[in-house]
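Here the structure is laid out as structure tokens; the discussion comes afterwards.
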Amino acid sequence: MSSLPYTVTASAVEAQEDVTPREPSPQLTNGEIPVQDDKKDEKKKKKRSGRSGAKKRGTGFEEFYCDPPMTPDEYDQEKNVIYPPHRPFVDRIEEAIQRFRARRRMDSARDILFSRYLFLGGIDTTVRQFQSTRNLDHDTLDEATKADVREMTADDVIHRGGGASYNPRFYNPNYPEHWDVDFAGVAAGFLSEQLVKFAGPAIDDYGMGVEVVSHFLKYIDHHDVCPEYAEDIKNAQKICREALEQIPAIAKLLELFPGQFNTAARKLFCKVDRDIFDFNTYIDSSDEDLDKKDARHIFGVTLAILLRPVGTPAIPESDMAVIDTAERSYEVCKVSAANDEPRAKYKAINEYLALSKKVEPCGSVAVRPIVIQTGWDNGPVAEVSVDCPEEIFILEEGLLQFLKVGMKMVLEICTLKCGIKFIKNIKEIFPTFHTFLPQELMFRYKEPVPNDRPAPSVYNPDDAAAEDVLNSIPIGDPEY
């Protein structure tokens, strides 16, 4: 065999007897530098990028996404086999949920939000182990249709068992007590309670949750899953549109409250206690930046323009003291902005006084006391009569533009001896569609089981096991 410019292994020779020798590399002398062909490299890069660039699939949550058109056979199957009116509602909605999740490419965030939404509706979305197609034998997969595989591997199910398999955390058609089909109610409860806690101040994350619920409602409406609840589904879609308007407005209100007038009143009449801090209170530092002289001018000018008719005597200094401070819940009944006459007075006074901070024009909001259900039971709740008189609070126009009739607020109210009330702090604001669902309390619920072991007690301190149990309970943990 002739000598080759490279080494050939024995295995290569056995696999291919006729081996074509490579061309010898050019011998470079000292000082010569090999030149690379940039055009060839660019062509190679283009070829690689063209081969690796795969077509991106849509997630199903794009702004203008719509389901692809159905063939006549698919339409006939949905109309007469999958979603016929004579089929029980629980079977239709269960299959619709499974098909919707299979046809949307949900990331982890959307998947969690959709599962929480379904849980509020009584659907079990618990991830089941060993239930993927990986655990199905080939014969089963070959004989099963797509619908069969989706049903065998789905996590979203409606419980139908009874007896020992009955789980009170989820809806069961065999135990319909305390359950109603209410698409609007579940959407309102999720968007006003659960999603607000999940997203927090992030408006984009909140919009993602609204998007998931809205797409699901459009899906079951488009495929005519339950025509008997068509009106209820439209109401739920309306709540989704209202949520996108009201929640950003509420976030802005929490940022601006209590406003210039109420901040001035708090600066003048309330003692600041730095040792008491409530994590449920939105505390701003605007009163620290407000000079007491400016606060007196802001408070006096607004009182003179809105509450004191011309010719009436001034309020005595002795009547300008706080006699009561209480936390109350209200519902907005009427929002009244300032008209042209008060605005002209504010403008003239600001030009005359030339304060470091201009007095902002104020209007008023009329509210009535209510009881807001949030799941906390802190003792007996006072009955609120429907005929309770409305209360009036002064707010700047910058806040009034975000308030809407029907919104609910939890406020800390101070009452002066002369009868004037002002807002010291704001605790919470709820949208007009706020609904608390009892199902929220079932998220971590566990069925009690009988236990023959005596409970740990302070009367048996010698019992080491009881002492260990007592010491293991974290004080103040919300899980206990």
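Treat the numbers as computed from the prediction; the structure is a model and nothing was measured.
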Treating [X] as the side-chain partner and [Y] as the backbone partner, does any N or O pair qualify as donor plus acceptor under 3.5 Å?
| X | Y | answer |
| --- | --- | --- |
| Gln260 | Glu396 | no |
| Gln401 | Gly398 | yes |
| Glu193 | Leu437 | no |
| Asp111 | Met106 | no |
| Glu390 | Cys333 | no |
| Thr415 | Ile323 | no |

*asked:* Asp91 vs Arg160, test: side chain to side chain contact (heavy atoms under 4.5 Å, CB included). Steps then yes/no.
replied: CA-CA 11 Å; Asp91 297 339; Arg160 295 174 177 83; 2.8 Å; yes

Counting only heavy atoms not in [X], do more than 12 fall under 6.0 Å of its [atom1]?
| X | atom1 | result |
| --- | --- | --- |
| Lys358 | NZ | no |
| Lys197 | NZ | yes |
| Asp340 | CG | no |
| His178 | NE2 | no |

Between [X] and [Y], which heavy-atom pair has the shortest distance, and what is it?
| X | Y | result |
| --- | --- | --- |
| Thr435 | Ala188 | OG1-CB, 3.6 Å |
| Ala236 | Leu217 | CB-CD1, 3.5 Å |
| Ile392 | Ala366 | CD1-CB, 3.6 Å |
| Val90 | Pro173 | CG1-CB, 4.1 Å |
| Val359 | Asn350 | N-OD1, 2.9 Å |
| Val196 | Ile247 | CG2-CD1, 4.3 Å |

*asked:* Check the orientation of Phe89 and Phe183. Use parallel for under 30°, tilted for 30 to 60°, and perpendicular for over 60°.
replied: perpendicular

*Determine the interplanar angle of the Phe100 and Phe216 rings, folded into 0 to 90°, and report it as parallel if under 30°, tilted if 30 to 60°, perpendicular if over 60°.*
perpendicular

When you compare the side chain of [Y] with that of [X], does any pair of heavy atoms fall below 4.5 Å?
| X | Y | answer |
| --- | --- | --- |
| Phe261 | Phe299 | yes |
| Leu306 | Ser364 | no |
| Ile82 | Arg87 | yes |
| Pro369 | Glu391 | yes |
| Val365 | Tyr330 | no |
| Tyr83 | Arg99 | yes |
| Asn262 | Leu395 | yes |
| Ile158 | Ile93 | yes |

*Checking side chain to side chain contact (heavy atoms under 4.5 Å, CB included) for the pair Tyr175/Asn167: CA distance, chi angles, key distance, verdict?*
CA-CA 10 Å; Tyr175 301 88; Asn167 192 336; over 6 Å; no

For [X], all residues meeting salt bridge (charged side-chain N to carboxylate O under 4.0 Å, His left out), sequence neighbours excluded:
| X | value |
| --- | --- |
| Glu177 | none |
| Glu228 | Arg92 |
| Lys334 | none |

Working to the nearest 0.5 Å, report the span between [atom1] of [X] and [atom2] of [Y].
| X | Y | atom1 | atom2 | result |
| --- | --- | --- | --- | --- |
| Ile123 | Ile97 | CD1 | CD1 | 4.5 Å |
| Ile420 | Leu303 | CD1 | CG | 4.5 Å |
| Gln246 | Leu253 | CD | CG | 10.5 Å |
| Asn172 | His159 | CG | NE2 | 8.0 Å |
| Cys362 | Phe393 | SG | CZ | 14.5 Å |
| Leu411 | Glu327 | CG | CD | 9.0 Å |

*Take Leu403 and Met409 through the test side chain to side chain contact (heavy atoms under 4.5 Å, CB included) and record every step on the way to the result.*
CA-CA 10 Å; Leu403 281 175; Met409 302 182 292; 4.1 Å; yes

_If the threshold is 4.0 Å, N to carboxylate O, is there a salt bridge linking Glu397 and Arg343?_
yes

*Taking 4.0 angstrom as the limit, do Arg169 and Asp124 come out as a salt bridge?*
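Asp124 and Arg169: not salt-bridged.
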
_Phe114, Phe433, Tyr117 screened by ring pair (Phe, Tyr, Trp, His ring centres under 6.0 Å) with Phe190, the one that passes_ = Tyr117

*How far apart are the C-alpha atoms of His434 and Glu428, what are their side-chain angles, what is the distance that settles it, and do they pass the side chain to side chain contact (heavy atoms under 4.5 Å, CB included) test?*
CA-CA 12 Å; His434 174 260; Glu428 288 181 279; over 6 Å; no

*Identify, with sequence neighbours excluded, every residue that meets side chain to side chain donor-acceptor pair (under 3.5 Å) alongside Tyr171.*
none

_Summary of side chain to side chain donor-acceptor pair (under 3.5 Å) pairs that have at least one residue in residues 202-221, sequence neighbours excluded_ =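 Checked against side chain to side chain donor-acceptor pair (under 3.5 Å) - neighbours excluded - the pairs reaching residues 202-221 are Arg110-Glu211.
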
_Once side chain to side chain donor-acceptor pair (under 3.5 Å) is applied, what residue pairs with a partner in residues 234-244 remain, sequence neighbours excluded?_
none

